[in-house]
Amino acid sequence: MRARIPLLLVLALGVLSGCANSNLRGTGDLGVVIERATGSVQVLDTTHRTSLARVDGLGDLSHASISYSRDARYAYVFGRDGGLTKVDLLTQRIDRRIIQGGNSIGGAISADGKLVAVANYEPGGVKVFDADTLALVADIPAIGSDGTRSKVVGLVDAPGQRFVFSLFEAGEIWVADMRDPKRPALRKFTGVGREPYDGMITSDGRHYAAGLFGEDGVALLDLWNLDAGVRRALVEFGRHGEKLPVYKMPHLEGWAATGSQIVLPAVGKHEVIIADQNSWKEVARIPVAGQVVFAVARPGGREVWLNFAFPNNDTVQVVDLPSRRIVQTLTPGKGVLHLEFSPRGEQVWLSLRDENRVEIYDPDSFARIGTLPVESPSGIFFTVRAHRTGL
Amino acid sequence: MRILTTAGMMIGIAFSSAFADTPPLHPQRQSELIHLVRQDCGSCHGMELRGGLGPALTPQTLKDKPASSLVSTILHGRPGTPMPPWKNFLSESEADWIVDNLQKGFPDAR
């Protein structure tokens, strides 16, 4: 709140000087970082590498994620307590806030920007809201073919005004066609594999892949050809050696799709797997420092940055894809929870939860080029996400 | 002091297992455990411990469950589920302390 005062001052000065246009700005270089312990977010500026404001009152953000409105002005924050908060990056205020469910894990916005979908653990299902008003448009309970309610994971948007998501307990993938928003047309794929724990869509919007916790491989759906059904890919992966304990589940949203190759965190293995994005066949695997949580491709796709689960969550590694080598290992501090590149990849921002700061690195020289005080930071989300399918 | 170093943890473990029969835990270690439970257990159970991928760990959900089996779940995990074993990071008396506090209502970090 206090951080908004300078803005008000600027606004007042703008009005006094009769120069209203001096307040205009774009949002293309803005972003948001979650302050997970305090239920607040900070609005970030990647041009000046500063924080513009803190916005409070967003509830339990211990596992929050964000989607952006189509105009990249509003951030929809999905909180763990079922809160859905629409934050205005320009006025740096909460525009609207509702409690939509018991326990949500993430969401997505439709291709046309009109619908915001939220995936809920409790009660398991997807709720769809009007992106302007946050009024409920549709409620899709995730009752699988086993007759019971499942937690919903891996919710993404897909071309054709669709949402795709997975049912953890039931082991299903559902495609919801939202062209008639009040009456979602559901296509359900059952028996896709045990315990899909997260999902992702390739940047071309063609393939949806759900990572399986309960068995090997990924469940793969070709959205260009739903009739072909879900097939299993990368089964050979994970078949060797003993599974190690997983102290934090990997996130697949960051699965680095680099155009021709895709880089995935192994589950229960201290490895990343590189697969061919067309054949979905493994081309290499690389030993890394721990259980990977996020594998994030630098824009351009040459390098992939990795962070790790407890107890290796003080480490970041960089994989160079052409040589398939780890070219850098950094230990920026305790509790590296997330990393995000600026739109063209000349900066990477890291959240260091236990150090209460966000650090900015130059991904070419690996030099630290900035640091910001942020209370228990987790996810960092830049507005470039507004224009990416799946988010 | 919420910040916890791996080295500090290792020393903490060595210390507390060597003196396993001498509760209560050192206040410094208690605050490390509070941090561990809220943050690292919290990634599956929720920072407020109201559940996520793993079930809620609140007094209501745990009060009728035998402490010894919860301690063993923490130390050895539950094979076939995402619940991992913590025995390399927690001694038995520390797991006892965690279960006792979960059943009472877990303290806040600050």
Side-chain angles (χ1 to χ4, degrees), chain A residues 34 36-39 59-64 79-82 102-106 120-122 151-153 168-169 194-198 213-215 243-251 267-268 290-291 293 309-315 331 333-335 337 352-356 375-376 378, chain B residues 1-13 31-58 60-61 72-90 94-95 98 106-110:
Chain A
I34 307 283
R36 73 198 291 273
T38 46
D60 177 357
L61 296 184
S62 60
H63 196 298
R80 182 143 224 167
D81 56 357
N103 191 331
S104 70
I105 191 71
N120 285 314
Y121 272 179
E122 196 45 61
K151 297 186 191 79
V152 171
V153 298
F168 178 75
E169 286 85 357
R194 283 188 54 215
E195 292 164 348
Y197 62 91
D198 199 3
F213 188 82
E215 54 191 296
K243 287 226 170 178
L244 300 167
V246 175
Y247 290 97
K248 184 170 183 184
M249 298 298 275
H251 278 260
V267 190
Q291 169 67 55
V293 177
F310 174 92
N312 306 106
N313 56 359
D314 59 348
T315 302
T331 45
K334 294 283 158 199
L337 283 203
L352 309 186
R353 179 193 68 199
D354 299 347
E355 314 276 357
N356 294 310
E375 182 76 22
S376 198
S378 61
Chain B
M1 183 64 183
R2 306 187 295 131
I3 296 165
L4 165 149
T5 64
T6 312
M9 262 184 77
M10 293 309 174
I11 294 165
I13 289 164
S31 62
E32 287 171 359
L33 292 180
I34 293 171
H35 180 80
L36 177 85
V37 169
R38 292 232 171 249
Q39 303 295 338
D40 295 301
C41 311
S43 73
C44 287
H45 292 282
M47 203 167 60
E48 308 284 339
L49 306 172
R50 287 196 297 251
L53 187 68
L57 301 178
T58 53
Q60 301 88 288
T61 62
S72 135
T73 295
I74 294 173
L75 292 175
H76 305 291
R78 288 223 180 123
T81 82
M83 175 63 190
W86 292 85
K87 59 180 184 308
N88 291 347
F89 309 101
L90 296 171
E94 290 170 343
I98 291 173
F106 207 76
D108 272 322
R110 55 198 66 225

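Chain letters run A, B, ... following the sequence lines, proteins first, then strands; residues in each count from 1.
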Practice item. Give the minimum heavy-atom separation between Tyr121(A) and Gly52(B), together with the two atoms involved. Key: CE1-C, 3.2 Å
Revision key, fill the gap. Smallest heavy-atom separation, Asp40(B) atom then Arg353(A) atom, equals OD1-NH2, 3.6 Å
Study note, to complete from the structure: Which of Ser62(A), Ser376(A), Ser378(A) passes side chain to side chain contact (heavy atoms under 4.5 Å, CB included) with Met47(B)? It is Ser62(A)
To the nearest 0.5 Å, tell me how far [X] [atom1] sits from [Y] [atom2].
{"X": "His63(A)", "Y": "His45(B)", "atom1": "NE2", "atom2": "NE2", "answer": "12.5 Å"}
{"X": "Asn313(A)", "Y": "Gln39(B)", "atom1": "CG", "atom2": "CD", "answer": "10.0 Å"}
{"X": "Cys41(B)", "Y": "Lys248(A)", "atom1": "SG", "atom2": "NZ", "answer": "12.5 Å"}

Check your understanding: Using non-hydrogen atoms only, which part of Arg194(A) is less than 4.5 Å away from chain B: side chain, backbone, both, or neither?
Key -> side chain
Exercise for review: Over 60° means perpendicular and under 30° means parallel, so classify the ring planes of Phe310(A) and Trp86(B), tilted if in between.
Suggested key: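 Tilted: the ring planes of Trp86(B) and Phe310(A) meet at 30° to 60°.
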Study note, to complete from the structure: Under a 4.5 Å heavy-atom criterion, the part of residues 74-81 of chain B in contact with chain A comprises Gly80(B), Thr81(B)
Point to revise | Short N-O contact, Asp60(A) and Arg50(B), less than 4.0 angstrom | key: yes
**Study point:** Tyr247(A) side chain to Pro85(B) backbone, donor-acceptor under 3.5 Å
**Key:** yes
Check your understanding: Given the rule in the side-chain contact (heavy atoms from CB on, under 4.5 Å) test, do Asp354(A) and His35(B) qualify, once you have shown the distances and angles that lead to the verdict?
Key -> CA-CA 9 Å; Asp354(A) 299 347; His35(B) 180 80; 3.1 Å; yes
Point to revise | Partner residues of Asn120(A) under the side-chain contact (heavy atoms from CB on, under 4.5 Å) criterion, sequence neighbours left out | key: Gln100(A), Ser104(A), Val118(A), Lys127(A)
